[in-house]
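Inspection log for the structure reproduced underneath, given as structure tokens.
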Amino acid sequence: MVEQQQLVGAWQLESWSIGYEGRDDFSSPFGEDPLGLLVYTADGWMSASINRRERARLPEDASPRKVPDAQRASAYSSYFHYAGRYRVVNGSVVHYVTQSLNPNFPGTEQLRHAELDGQTLVLTGKDEVGGTLRYHTLVWHRAPATQPAAE
């Protein structure tokens with residue numbers, strides 16, 4: 001059973017897949033090779049960000065707030081983030097969302113079953129969208145503890 005002190009640190013995403021009730025297919029919301037960072041602190045804070053490896057860039061000569069809505073929406077739809085408090089309950093992790101790119105997430109509790117095998121953390125959860133039950137599996141690897149290069 002996972003304990004809080006085992007989660008503390010930074011984790012890099014290997015994969016995120018979604019299965020669907022009554023179907024055999026799976027999807028990968030940010031492609032087959034996404035980037036992601038999950039951070040758990042010892043004092044109970046967490047932050048998770050995930051994005052497509054190849055993202056459309058916004059024009060460098062304009063503020064992101066000034067580019068056309070469709071272009072901005074396309075760029076931001078390739079990124080996912082939320083943060084807040086967390087706690088471990090019976091081997092599962094509950095994320096209490098306080099900030100998120102998705103305006104519907106703050107105030108929600110995101111329950112994730114956690115399995116830890118060495119340096120690999122697998123978080124699973126489920127949700128319902130449009131009457132379809134979805135099963136999420138996210139595989140994370142502990143980030144190496146390297147120091148930034150000296151200047």
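Values reported hereafter were calculated over all heavy atoms of this structure, with side chains retained and with hydrogens, waters and symmetry mates removed.
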[X] [atom1]: over 12 foreign heavy atoms closer than 6.0 Å:
X    : atom1 : answer
E128 : CD    : yes
E54  : CD    : no
D25  : CG    : yes
N90  : CG    : no

Examine [X] and [Y] and state if one hydrophobic cluster contains both, with Ile, Leu, Val, Met, Phe, Trp and Tyr joined whenever side-chain heavy atoms are less than 4.5 Å apart.
X    : Y    : result
V89  : L111 : yes
F30  : I18  : yes
L123 : Y135 : no
M46  : V139 : no
L116 : V94  : no

Where [X] and [Y] come nearest, the two heavy atoms and their spacing:
X    : Y    : answer
A42  : Q4   : O-NE2, 3.2 Å
Q6   : M1   : OE1-O, 3.7 Å
S78  : R55  : OG-NE, 2.8 Å
F26  : G19  : CD2-CA, 3.6 Å
P34  : S15  : CG-CA, 4.3 Å
N102 : N104 : OD1-N, 2.8 Å

Pairwise side-chain contact, [X] with [Y], heavy-atom cut-off 4.5 Å (strictly under):
X    : Y    : result
S28  : W16  : no
E115 : V2   : no
R52  : P29  : no
D69  : R72  : yes
L7   : V88  : yes
H95  : E109 : no
W45  : V39  : no
L138 : I50  : yes

Please report the interatomic distance [atom1]([X]) to [atom2]([Y]), rounded to the nearest 0.5 Å.
X    : Y    : atom1 : atom2 : answer
W140 : L121 : CH2   : CG    : 8.5 Å
L35  : Y79  : CG    : OH    : 11.0 Å
E14  : D33  : CD    : CG    : 9.5 Å
L38  : S49  : CG    : OG    : 8.5 Å
Y82  : Q110 : OH    : CD    : 5.5 Å
R142 : Q12  : CZ    : CD    : 11.5 Å

Compute the ring centroids of Y40 and Y86, then answer whether they are less than 6.0 Å apart.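 Between Y86 and Y40, which both carry aromatic rings, the centre distance is below 6.0 Å.
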Between T108 and Y96, does any side-chain donor sit less than 3.5 Å from a side-chain acceptor?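 Short answer, no.
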Between T120 and H141, do the side chains contain a donor N or O and an acceptor N or O under 3.5 Å apart?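 Looking only at side-chain atoms, T120 and H141 do form a donor-acceptor pair, the distance falling under 3.5 Å.
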Please report the C-alpha distance between H136 and D127 in whole Å, then the side-chain angles of each, then the deciding distance to 0.1 Å, and finally whether the side-chain contact (heavy atoms from CB on, under 4.5 Å) criterion is met. CA-CA 8 Å; H136 300 260; D127 65 1; 3.2 Å; yes
Taking S100 for the side chain and P106 for the main chain, is one N or O donor matched with an acceptor at less than 3.5 Å?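 No; judged by distance alone, with no hydrogens or angles, the pair does not exist.
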Verify, without hydrogens or angle tests, whether S77 (side chain) and S74 (backbone) share a donor-acceptor contact under 3.5 angstrom.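 At least one qualifying donor-acceptor pair exists.
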Evaluate the ring planes of F80 and F105, with Trp represented by its six-membered ring, and classify them as parallel (under 30°), tilted (30 to 60°) or perpendicular (over 60°).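 Because their plane-to-plane angle is over 60°, the rings of F80 and F105 count as perpendicular.
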Audit row: R134, V129, side-chain contact (heavy atoms from CB on, under 4.5 Å) steps and yes/no: CA-CA 7 Å; R134 305 184 315 168; V129 174; 3.6 Å; yes
